[in-house]
Each structure stands twice: as structure tokens, then as C-alpha cells.
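Just so we're clear, the structure is a prediction, and the values are computed from it rather than from any experiment.
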Amino acid sequence: MSSSPRRGLPSSSGARRPLRLTTAERRARLAGRHHLAPAARAASVGAAAYSLVGLHSTDPASVYLAAWARVDGLRHADVDSALYDERTIVKHLAMRRTVWAVATGLLPVVQAAASDDVAATERRKIVRDVERGGLAPAGERWLSETEATVVAALAELGPTAGRDLTRSVPQLQAKMRTGPGGRAEYGVVSRVTAMMSAAGVITRARAGGAWQNRQPRWVLMRDWCPEVVAEPPPESRVARAALLGHWLRAFGPATPEDVTWWTGWTVARTKTALGDVGVVEVRLEGDEVGVALPDDLEPVAPVEPWVALLPSLDPSTMGWSRREWYLGPHRDRLFDSYGNAGPTVWSDGRVVGGWGQRPGGEVVVRLLEDIGAEQAAAVEVEAERLTAWLAGVQVRPTFPTPLQRELSG
């Protein structure tokens, strides 16, 4: 592995100079590598997730809608199969303490590169709060014993909802208080299961009820994906380089700040991973400094005009922290105050509006800029197609955004 990033490309005269990658080039790459242009659709849900590392799953419906936008002819049952039968994607707490539907083939890398750190942080917080809240004097001992009891219970019961798990694991019935004066009360079960999920001990099996249902059933990862658990985990630094290389293949070029934000790493870890991958420094429009893989510098083929309706927290909308090149001036209308993306309308690699649903389930769009009559008509066709696919189901994002609220009123 290289010990430091490559700082530029040789010019024809032998001097080193950074290559410039235009915004048009970045948008063309996004269209193909994110499977959004019609000619670049993914063959399956698993293939779409693999290209992007995973699909956001904080909102369970987002997995279905993100796949719908990328796989032609997709049925709800196809996503169910990918999640729960074929298990080509697995719901997992990973980067930025976010729930992802991670491509199963990348799960060991994601675990070692990101999830282990999330689990360690959550563990420290639970131990601290158990002791501060008077639940037990030795928080680590309480947590270790609780984990062992959860594992034993799931080994016997199989996939189990949280409320049922608390009946078999009395420790999970405990309540803790937080906030000023301890006024806020919450059940410890959500904290413990989240931590164990990040640690790769348990995962989310098929939820009860409809496809947009938010209540998972917990199952042991060793029972759900035994081949993943049997695989020796990569060393964390090796895993971070592997994750970064895979991510840059879909999201590059990107800035180092984008990498730090998306992964949840420290600046120091980002710098080390960039060096290990051997990235090349490039210049983006506005003289912003970016990085790209050294074998990924050639221009991509032109892309035919395209439009897409993407769900809240879609991996493309949430792919970078520096979003001006595809989001333009629309952040205040399409993101909430915490930086969570709502449903968006895309045209040729940029966000041009948002969408929501009327109470009866009809998908309605609002364009925030002029994209021409032909593209506007294509957007309406997509809205009608999504309305038909949702078949009356109204998706309610966990993080409502200003425009989504206006359209859904």
C-alpha cells in the first residue's frame, strides 16, 4: 500500500499538475454509477446496493423506494427477497450511526471499517448511563450479562420483536432517564439492541406487517448470515482502505471532507485511508480540491437526459457533505434542520425539486427551477408511475422537510 496520497498527475512536459474534473463530469458519473439513468439500471436490488455500499434504511420504506428508482420492473416482493430470503442486503447499523441495508458481500468490510467504532461508542454511553442512572453500580458487568442473556434468548426463540424479547430478558424492561433534570424516560431495550446490532451480534429480520412497517424482529447474525460471521474479519485499517476505495468508485471524485462526513471517521483516519488507497488529487469547479482513484480519471460517456424521484435519505442525495454541485440553492426546502434529506426530484444529475403524497397516496411534485417542458413532462410520468407502484400506501418520512410537508398537506 502507498503510505501517502499522490498529489497530482504528470503533465505532458513532466511537471505535476492536478487534473480538473468538471461538474458536468461528476453528474454524468452519478447518473451511471448510481443506476439512475435509464441505460444504467441495476440488474437487482443487491447489485444496486453493492454499487453504493448500501441503501439507507433509517426509514424502512426508503430501501424499497431507492431500489425502485434503480431497478426496472421492481416488485415489492423483490426487495423483500433481497432482504429476507436471498439476503443479498442486510440491515445494519454502520456509518454515522445510520441504519443501512448493506450489500452482504461488503458487510465484513463495513463492520471493521465503521460499525465496530459505532458499537464501541454506544457501549461506553450505555455503561455510563447505567451507572449514572442507578440501574447498576457496575455498568460494564450489567451490559455484558444482558448481552449474554439476549444471545441465549434469540438462540432459542429465533427472530423476535423487541417487545417480546423483553419478556425473555427482564433486564431489557428497565427504564433510564436523560435530559435536563432526568425528565425524559426511555426503555433500555432500544439502546442495547442498537449497540448489539452495530457490533454485528444481532440484525434485523423480517418486520411484522406491511413493507413500510418500522418494527423489526431481532435475530442472531450467526443464524441470519452464517457465511459472513464465519469469514475472518479484516484488520480495521485494511477495511477502511477497502471501504474508501469501493465508495470512491461510485462517489468519486469527492473532497476529503466528504469522506470524513460519509464514513464518520476522524480527520486523521481519513487522511491515513486516503494515503493507503493512493488517491490522486484533482481540481473540482470553483478550485475545490478533490480526490479520485488513480485508475478512474478518464471521462465517462455522455448520458442521455434522465429524471428520477428519490426518497428521503437516499444514498445519492446523502452521498456528499459538499452538495452545491448537485443540490444548488435548494437545501432549505429539501433538507431538515439536522441535514436529513427529504424526497427529491432529479434531472440530469442535479436536484431540481421535491415530491410528497396527498392523503390518498397520489405522488405530487414541485419543480424549483425550469428544466424545460420535455423534462418536466418526464417528471410527471415518473410521479404517475410511482403513484401506481405505491398503490395507495402513504410513506411518512421520519424526518419531514419543508417542501414535503407542503406537498403532503
Side-chain angles (χ1 to χ4, degrees), residues 34 45-46 48-60 62-63 66-67 82-83 87-126 190-205 214 216 218-222 224-225 227-229 231 233-251 254 258-266 269-270 273 311-321 338-341 398-399:
H34 291 215
V45 179
Y50 186 84
S51 295
L52 300 169
V53 179
L55 306 176
H56 277 262
S57 186
T58 301
D59 280 340
S62 289
V63 179
L83 281 168
R87 300 173 193 172
T88 55
I89 55 177
V90 178
K91 292 188 176 183
H92 193 57
L93 197 65
M95 292 71 67
R96 305 188 313 280
R97 201 185 177 279
T98 294
V99 182
W100 299 75
V102 176
T104 308
L106 293 173
L107 195 55
V109 166
V110 169
Q111 183 68 52
S115 294
D116 282 346
D117 287 336
V118 173
T121 299
E122 292 305 304
R123 186 177 200 90
R124 287 192 297 269
K125 289 179 180 179
I126 293 172
S190 60
R191 296 279 300 277
V192 172
T193 51
M195 185 277 296
M196 294 180 69
S197 168
V201 177
I202 64 176
T203 189
R204 293 160 172 81
R214 300 172 185 275
W218 295 103
V219 65
L220 293 176
M221 183 70 83
R222 72 191 188 199
W224 194 250
C225 291
E227 71 284 359
V228 171
V229 175
E231 183 177 338
E235 189 271 329
S236 58
R237 179 171 172 176
V238 172
R240 285 193 289 270
L243 179 61
L244 174 59
H246 192 93
W247 183 82
L248 280 174
R249 190 69 62 185
F251 292 85
D258 292 327
V259 175
T260 300
W261 176 83
W262 187 88
T263 58
W265 296 338
T266 63
R269 283 188 171 177
T270 297
S312 61
L313 303 176
D314 187 86
S316 296
T317 319
M318 297 291 292
W320 299 263
S321 63
Y338 296 99
N340 299 301
T398 299
F399 307 103

Side chains of L93 and T98: closer than 4.5 Å at any heavy-atom pair? no
Side-chain contact test, heavy atoms from C-beta onward, threshold under 4.5 Å: evaluate it for V109 versus L243 and give yes or no. yes
Can any side-chain N or O of Q111 pair as donor or acceptor with the backbone N or O of A198 at less than 3.5 Å? yes
Give a yes or no answer on whether the side chain of R222 reaches the backbone of V229 with a donor-acceptor pair at less than 3.5 Å. no
Looking only at heavy atoms, the pair that brings P234 and A112 closest together is O-CB, 3.4 Å
I'd like to check R191 versus K125 (side-chain heavy atoms, cut-off strictly below 4.5 Å). Are they in contact? yes
N/O donor-acceptor pair under 3.5 Å between T203 side chain and K91 backbone: yes
Ignoring hydrogens and angles, state whether a donor on the side chain of H34 or S316 is under 3.5 Å from an acceptor on the partner side chain. yes
Below 4.5 Å, heavy atoms only, C-beta onward: do S197 and R204 meet side chain to side chain? yes
Check for a donor-acceptor pair, side chain of T266 on one end and backbone N or O of R269 on the other, with a separation under 3.5 Å. yes
Side-chain heavy-atom pair V110, W100 within 4.5 angstrom cut-off: no
Keeping the roles fixed (side chain from H246, backbone from Y50), state whether a donor-acceptor pair exists under 3.5 Å. yes
Please report the interatomic distance OG1(T104) to CD1(I89), rounded to the nearest 0.5 Å. 7.5 Å
Answer yes or no: is there a side-chain heavy-atom contact under 4.5 Å between D314 and L55? no
Do the non-hydrogen side-chain atoms of M221 and V201 ever get within less than 4.5 Å of each other? no
Quiz question: by atom type and distance under 3.5 Å, do the side chains of R124 and T121 form a donor-acceptor pair? yes
With ring centroids as reference points, do W247 and W262 lie under 6.0 angstrom apart? yes
Answer yes or no for R96 and W261: cation-pi contact, defined as NZ/CZ to six-membered ring centre under 6.0 Å and angle to ring axis within 45°. yes
Do the side chains of E122 and R97 get nearer than 4.5 Å, heavy atoms only? yes
Can a donor-acceptor pair be found, under 3.5 Å and without considering hydrogens, that links the side chain of T317 to the backbone of L313? no
Heavy-atom donor-acceptor pair, W265 side chain to A113 backbone, under 3.5 Å: yes
Indicate yes or no for a side-chain donor-acceptor contact from N340 to the backbone of F399 under 3.5 Å, with no hydrogens or angles considered. no
